[in-house]
Amino acid sequence: MVLGWGLGGAFLGAAGTWALRDRPVEAQSSPTVQPSPERLTVATWRRRAHTPTFIAHRGTAATTPEHTLEGYRHALDAGATCMEISTVLTSDATLVCHHDLTLERTTDATGPVSRRTLTALRSVRSAAPRLGTRWSGIRAPGIPTLGEALDVVAGRAVLCLEAKDDGGYDQLIATIDQRGLRDQVFIKVPTDSARLAQASAAGFPVFAYFGSEKGVTPQAIEKAAEALRGDHDVLVLPIRTIAGDPLPDELITAAVATGRTVWVHPVHRRSEVDRALSLGVQGMISSHVGYVSSHAPSATHDSWVQGGLAAGDLTKDPYDEAERLEWPEPGVIRLRERLKAGCVMPGSLCPVRKDTGVVRIEFDLRFEVPHSPDNKDAAAVILFGHDDDRYAEYGAGHGDGYHGLVRPDGQLILGAHLDGRREQEELSSAKATAPLAPGRWVRMVVTMDRGAVSWGYVGGPTVKADDVRWRGGYFHLGRTPTAPGVSIRDVVVS
């Protein structure tokens, strides 16, 4: 797995200088001339990359406002060597980086991009409150032009460029040629676009994609593959359905069986990478490149006090507004009250390291509003001990592991759950002591050692079970379907 290539030349150059200093003057030879770094092109990128390859999706759209210079820079800093960028044409014929033809979904403005001049667009700011306060107000990024994006990305990453409105296609090609980037670009088009044949005839490698599972059949896959050239082009499928279910294995394997290079989108989880690789997929298009390309935690403490999410901090679907997190105050995230369960996985802290044989997870939680005493199912929850990062929520039968519940009346419950089964196994519980007052923080702790698991209040009552079935390093924090809103802060693992 390769995200970028090394800086070995710089290291050797430094070593060479040291060696020259140590030699007698009369023995010195001419300094060795280091070869110039190889120019980044699609061909050199393919030659250096290994399966899986990782392609940045809209920058780092799960943690940074999508299609912004900040997002592109974050993706490069995370190691991305291939970047997907969409463009739309303004009323005065400037290509800007934007996914939708309209402004509503991702900005503080409304209406079609095509009805605004570039000057008018300069006052439009990104609007992504689910990503945190870091990206709000005067800190909200604007919409960059394609030229501004190329100034940041070109030469550092291979580009997958798309004209979302067909009227911008010719200008996109002209910009590529004016910049001398023809050998650094895939042209991105839907599999049924007439531009596919045009881009192919012009010599561009083509990124041909199915945008959703609609219309993805073995026959449609075969037809799309027939329009592509060997390993010159790539065939791109969604990794999941609109409803959030995995795209059936047989469709992915049908694409792989065509002999074309197959990529999938959007990949949010390491478990999705593992599944795609097992089916023969070669490329992962992800808004979490830094997270999915590694299997190591990046931190031991959440980053929320900085006003934003870290790579790997995931709700069920980071692109789904229905799953959005709220940021009521600095350092705090809130899973709002709604008629379904909800969880966030602090993936930046996962898998929790087990070097000492003991895992400890601490965090603060509070209930936001009073609860009804008749609602016996309301609780805040932690699901832990999971072996992978598949999304999990209480009562859904997602994965094998443990769960700890704390109810608004103060009762603690420690239990176990099995993949595919909604029934819960209670391991231990403690009677309610004092109700948790709305708005009051309590600090909770989970521990796992070689012989037992425990759950409870830091410095207060806990429940414990002698159980050794699972010791995985992934965990989720959240609420049951009928619970009031739950806020969480200061998550620490050790």
Engineer: Does any pair with a residue in residues 267-288 pass ring-ring contact (aromatic ring centres under 6.0 Å, His included), and if so which ones, sequence neighbours excluded?
Structural biologist: H268-Y319
Engineer: State the CZ-OG1 distance between R39 and T44, to the nearest 0.5 angstrom.
Structural biologist: 8.5 Å
Engineer: With distance as the sole test, does Q171 use its side chain to make a donor-acceptor pair with the main-chain N or O of A93 at under 3.5 Å?
Structural biologist: yes
Engineer: Are any side-chain N or O atoms of R338 and backbone N or O atoms of A322, one a donor and one an acceptor, separated by less than 3.5 Å?
Structural biologist: yes
Engineer: Is there a side-chain contact between I55 and M83 in this structure, where contact means two heavy atoms from C-beta onward sitting under 4.5 Å apart?
Structural biologist: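 A side-chain contact under 4.5 Å is absent here.
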Engineer: Residues in ring-ring contact (aromatic ring centres under 6.0 Å, His included) with F367, at least two apart?
Structural biologist: none
Engineer: I'd like to check I85 versus C160 (side-chain heavy atoms, cut-off strictly below 4.5 Å). Are they in contact?
Structural biologist: no
Engineer: Taking atom types as modelled and ignoring hydrogens, do the side chains of E162 and Y209 form a donor-acceptor contact shorter than 3.5 angstrom?
Structural biologist: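 Per modelled atom types, E162 and Y209 side chains form a pair under 3.5 Å.
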Engineer: Supply the atom-to-atom distance F363 CZ to H301 NE2, rounded to the nearest 0.5 angstrom.
Structural biologist: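 Result: 13.5 Å between the selected atoms.
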Engineer: Do side-chain atoms of Y391 reach the backbone of C343 as a donor and acceptor pair under 3.5 angstrom?
Structural biologist: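 A pair under 3.5 Å: yes.
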Engineer: For the side chain of E84 and the backbone of R58, is there at least one donor-acceptor N/O pair under 3.5 Å apart?
Structural biologist: yes
Engineer: For the backbone of H232 and the side chain of R46, can you confirm whether one donor and one acceptor N or O come within less than 3.5 Å of each other?
Structural biologist: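 A pair under 3.5 Å: yes.
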Engineer: About how many Å separate OG1 of T241 and CG of L251, when rounded to the nearest 0.5 Å?
Structural biologist: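 One gets 11.0 Å once the value is rounded to the nearest 0.5 Å.
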Engineer: Does the R125 side chain pair with the main chain of A140, one donor and one acceptor, at a distance under 3.5 Å?
Structural biologist: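 Yes, the answer is positive, given that a donor and an acceptor are paired below the 3.5 Å cut-off.
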Engineer: Would you find a donor on one side and an acceptor on the other, under 3.5 Å apart, between the side chain of R270 and the backbone of S294?
Structural biologist: yes
Engineer: Could you grab the distance from atom OG1 of T63 to atom CZ of R130, nearest 0.5 Å is fine?
Structural biologist: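 Here the rounded value is 10.0 Å.
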Engineer: Are any side-chain N or O atoms of D389 and backbone N or O atoms of Y474, one a donor and one an acceptor, separated by less than 3.5 Å?
Structural biologist: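 No: the side chain of D389 does not pair with the backbone of Y474.
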Engineer: Hey, are the side chains of P328 and S487 touching, using non-hydrogen atoms and a 4.5 Å cut-off?
Structural biologist: yes
Engineer: Please round to the nearest 0.5 Å and tell me the distance separating atom CD of E250 and atom CD1 of I221.
Structural biologist: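 If we round to the nearest 0.5 Å, E250:CD and I221:CD1 are 9.5 Å apart.
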Engineer: Is any NZ, NE, NH1 or NH2 atom of the basic residue among D151 and R179 found under 4.0 Å from an Asp or Glu carboxylate oxygen of the other?
Structural biologist: yes
Engineer: Under 3.5 Å, is there a donor-acceptor pair between the D92 and T90 side chains?
Structural biologist: yes
Engineer: Checking side chain to side chain contact (heavy atoms under 4.5 Å, CB included) against V113, which of D165, L103, L101 comes through?
Structural biologist: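 The side chain to side chain contact (heavy atoms under 4.5 Å, CB included) with V113 is passed solely by L103 among D165, L103, L101.
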Engineer: If we only count heavy atoms from C-beta on, is the D233 to L235 side-chain gap below 4.5 Å?
Structural biologist: no
Engineer: Does atom CZ of R422 have more than 12 heavy-atom neighbours from other groups under 6.0 Å away?
Structural biologist: no
Engineer: Is a side-chain donor-acceptor pair under 3.5 Å present for T81 with W45?
Structural biologist: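 Yes, side-chain donor-acceptor contact under 3.5 Å.
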Engineer: Would you call D377 and P481 a side-chain contact if the rule is heavy atoms closer than 4.5 Å?
Structural biologist: no
Engineer: Within the side chain of H67, is there an N or O that forms a donor-acceptor pair under 3.5 Å with the backbone of G71?
Structural biologist: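 Answer holds: no.
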Engineer: Quick one: list whatever passes ring-ring contact (aromatic ring centres under 6.0 Å, His included) with W263, sequence neighbours left out.
Structural biologist: F186, F207
Engineer: If every non-hydrogen atom of G331 is compared with every non-hydrogen atom of R489, which pair is closest and at what distance?
Structural biologist: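 Smallest heavy-atom distance, with atoms named: O-CB, 3.4 Å.
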Engineer: With rounding to the nearest 0.5 angstrom, report the OG1 to CG distance, T94 to L121.
Structural biologist: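 One gets 9.0 Å once the value is rounded to the nearest 0.5 Å.
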Engineer: Ignoring hydrogens and angles, state whether a donor on the side chain of W304 or D313 is under 3.5 Å from an acceptor on the partner side chain.
Structural biologist: yes
Engineer: Looking only at heavy atoms, which two atoms of V206 and A199 are closest? And how far apart?
Structural biologist: CG2-CB, 4.1 Å
Engineer: If we only count heavy atoms from C-beta on, is the F54 to V267 side-chain gap below 4.5 Å?
Structural biologist: no
Engineer: Checking R47 against E38 for the salt bridge (Lys or Arg N to Asp or Glu O under 4.0 Å) test, could you report, in this order, the C-alpha distance in whole Å, the side-chain angles of both residues, the deciding distance, and whether it holds?
Structural biologist: CA-CA 11 Å; R47 190 162 61 246; E38 188 173 30; 2.4 Å; yes
Engineer: Side chains of H98 and K164, heavy atoms from C-beta outward: is any pair under 4.5 Å?
Structural biologist: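 Answer no - side chains too far apart.
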Engineer: Can you tell if the side chain of P408 reaches within under 4.5 Å of the side chain of L436, non-hydrogen atoms only?
Structural biologist: no
Engineer: Under the 3.5 angstrom rule, does the side chain of T102 hit a backbone N or O of P112 as a donor-acceptor pair?
Structural biologist: no
